[in-house]
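First up is the structure itself, then whatever we jot down about it.
Order of listing sets the numbers, starting from 1, for every ligand and every atom in it. Every heavy atom of this structure was used, including side-chain atoms; hydrogens, water molecules and symmetry mates were not.
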Amino acid sequence: MTHSGPSPLESLGEVKAVSDGSAQMLATLTTLRETLRHARLPLEVPGVEESRHARVEMIDQLEDYVLPRLVQIDAPLLTVVGGSTGAGKSTLVNSLVGEQVSEPGVLRPTTRSPVLVHHPDDAAWFDKQRILPELERTNRATPDPGAVQLVASSAIPQGLALLDAPDIDSVEERNRSLAAQLLAAADLWLFVTSAARYADQVPWGFLKQAADRSAAVAIVLDRTPPDAVAEVSGDLARMLTTRGLKDSPLFTVAESPLDEKGLLPAESVEQIRGWLIALGADVEARNAVVRQTLHGAVRSIARRTYQLAEDCAAQADMQARLKRDVDISYDQALADIDKGSADGTLLRGEVLARWQEFVGTGELFRNLESKVSWLRDRITNAIKGKPQQAERVTVAVESGLQTLILEHAEAAAERAEASWRSVAAGAQVLEEGQVDLSRASRDFRSRSERMVRDWQSGVLDLVRTAGGDKRTTARFLAYGVNGLSVALMVVVFASTGGVTGAEVGIAGGSAVVGQKLLEAVFGDQAVRRLAEQARADLATRVAALMDEERRRFLDRLDTLDLPTDSAEQLRALARRVDDLRFATARSGS
Ligand SMILES: Nc1nc2c(ncn2[C@@H]2O[C@H](COP(=O)(O)OP(=O)(O)OP(=O)(O)O)[C@@H](O)[C@H]2O)c(=O)[nH]1
Ligand SMILES: [Mg+2]
């Protein structure tokens, strides 16, 4: 309040620089408001409630105060009368105006809808486009907290307006939030407390905010028994000093009977009225108040923007963590399926039995070490004319492979779900999805059946194409495309040679038989290539199938609609605001 205004001797050049600076500031803060609007904090990370609150508060303060103030630096100084319920705010406003413009009351809280009193000539400044755009305008008393009643009175000096706000501390949540919003929109706080309540915690929380933001504040110690005025006001002054508000004027209003209109005696409020009228009349002093509060608000918004950038980064980090959980689970499933479909695991049970039926059991396997040409003949003889047995191998492969894939799809879903559930943000995303992701999707079985059959017909095509002009040879005809295809599948299933122990003889042997059979037709080079191709094709198809499973989780993250660059943008904007602030300070505004 003791700040002096800018030097009236500012050169024209400097004035230009200042207004350029404020145009840039206006543009930057407008962008900041947009960026804040788009910034989202949907994930439950520690402290997110405060961040959400801060974000709304910053948008409100930009819209309600900073932006309109920057656009029209000459607008009347808005004095918001705030404080505890029953402190006597409405009575004080009425007494200052000299008529009952805001209804006081014995029931707590009384004021629910703000009342803004201005000079009749200042009416145009207070329309909805200019300030507090969220509040409807009305000319009559209303209990609607979404509206502000405008009262024109020539008892108020031009260039200054008085707003009676709801209380900051009653049980009415809406009152408290509206009061906070209104105080954030004030050029000047007229903070009313009473002899009985001046040490309460809530008002001091607000006053601390005002001090932090260097908002201009005047304090009214209201309803003080006359014999206690000196003592109480001394104590309050000390409290103000230790809390960074020693420059704030402190007024006292002694408790006195009200007149028939419910107004305090004129002399009780004379000091405050005189101060307000002087302030209204002194453009320099008024500008100094406006600038102090405006600069403080901008500084505090820049500071809070850095913090909010961190909060947005925390959201992005959490989202990345949740995505990583899913990727780890499904990559693991792919690796497990890859391993299980190549290490001989599938060459057991049904597949092995059907395959052995197809190639003929017994001496074939005992004679694996014998001469290849002999083996080839034996195989040819063994399988001649049994196409339906090749089909049975196909069926067994189908179900074996499906079981393997399903098992790992289930395991991946369970793992991903459990790791999401282990953090609050993950659990929240799961709950919002309202679908159980702890199991593979309901149609997974049928999709995997289709996938395996597609792969098998791909293997048939591979064999058919690789056959080329050999397709008319006796051997090719003897095994048939089906026979060669199942042989190829069997080779694929043992392609990492991971078969161990007792199974080497049977499963490994089966694969060797398949290998020899194929080599007899295609030659060993070609067989290796075919096996690689079939295996790669299987891996691609499994990956596509699992991607759909993975997508169920990732889609949940996508619905959060988290902008990826909020944190960076906010940081850059906060830096820009600070740069402009320092530049403006240097140029002397
Ligand atoms: N005798 C006397 N009564 C007062 C004085 N100030 C306020 N009152 C009474 O105290 C009660 C509360 O006053 P209000 O002006 O409604 O208080 P408020 O701060 O606006 O309260 P909320 O609107 O609930 O936040 C009313 O009944 C007033 O008539 C005073 O100085 N003297
Ligand atoms: Mg009131």
What atoms in ligand 1 come closer than 4.0 Å to a heavy atom of [X]?
X	value
Val106	27 (O)
Ser256	1 (N), 2 (C), 30 (C), 32 (N)
Ser84	19 (O)
Pro109	24 (O)

**Asked** Going by distance alone, is a donor N or O of one side chain under 3.5 Å from an acceptor N or O of the other, for Thr224 and Thr252?
**Response** no

Just to confirm my output: which protein heavy-atom neighbour is closest to [atom], and how far is it?
atom	value
atom 30 (C) of ligand 1	Glu255 OE2, 3.6 Å
atom 15 (O) of ligand 1	Thr91 OG1, 2.6 Å
atom 21 (O) of ligand 1	Gly86 N, 2.9 Å
atom 31 (O) of ligand 1	Leu264 CD2, 3.1 Å
atom 18 (P) of ligand 1	Lys89 N, 3.5 Å
atom 29 (O) of ligand 1	Leu258 CD1, 3.4 Å
atom 5 (C) of ligand 1	Arg223 NE, 3.5 Å

**Message:** I'd like to verify the contacts: list protein N, O or S atoms under a distance of 2.8 Å from the Mg ion (ligand 2).
**Reply:** Ser90 OG, Thr111 OG1

More than 12 heavy atoms of other residues, nucleotides or ligands under 6.0 Å from [atom1] of [X]: yes or no?
X	atom1	value
Glu57	CD	yes
Gln201	CD	no
Arg174	CZ	yes
Gln100	CD	yes

**Request:** Take every heavy atom of Ser170, measure it against each atom of ligand 1, and state whether any distance is under 4.0 Å.
**Result:** no

Give a yes or no answer on whether the side chain of [X] reaches the backbone of [Y] with a donor-acceptor pair at less than 3.5 Å.
X	Y	result
Arg55	Arg37	yes
Thr293	Ala215	no
Gln61	Ala184	yes
Ser102	Asp164	no

**Item:** Test salt bridge (charged side-chain N to carboxylate O under 4.0 Å, His left out) applied to Asp169 and Arg197, Lys89, Arg176, Arg108, the passing residue
**Value:** Arg197

**Request:** Could you check which of Gly262, Gly88, Gly105 puts a non-hydrogen atom nearest to atom 12 (C) of ligand 1?
**Result:** Gly105

**Item:** Among Asp235, Asp222, Thr193, the one residue meeting side chain to side chain donor-acceptor pair (under 3.5 Å) with Tyr198
**Value:** Asp235

**Contact check, side chains of Leu188 and Gln292, non-hydrogen atoms, under 4.5 Å** = no

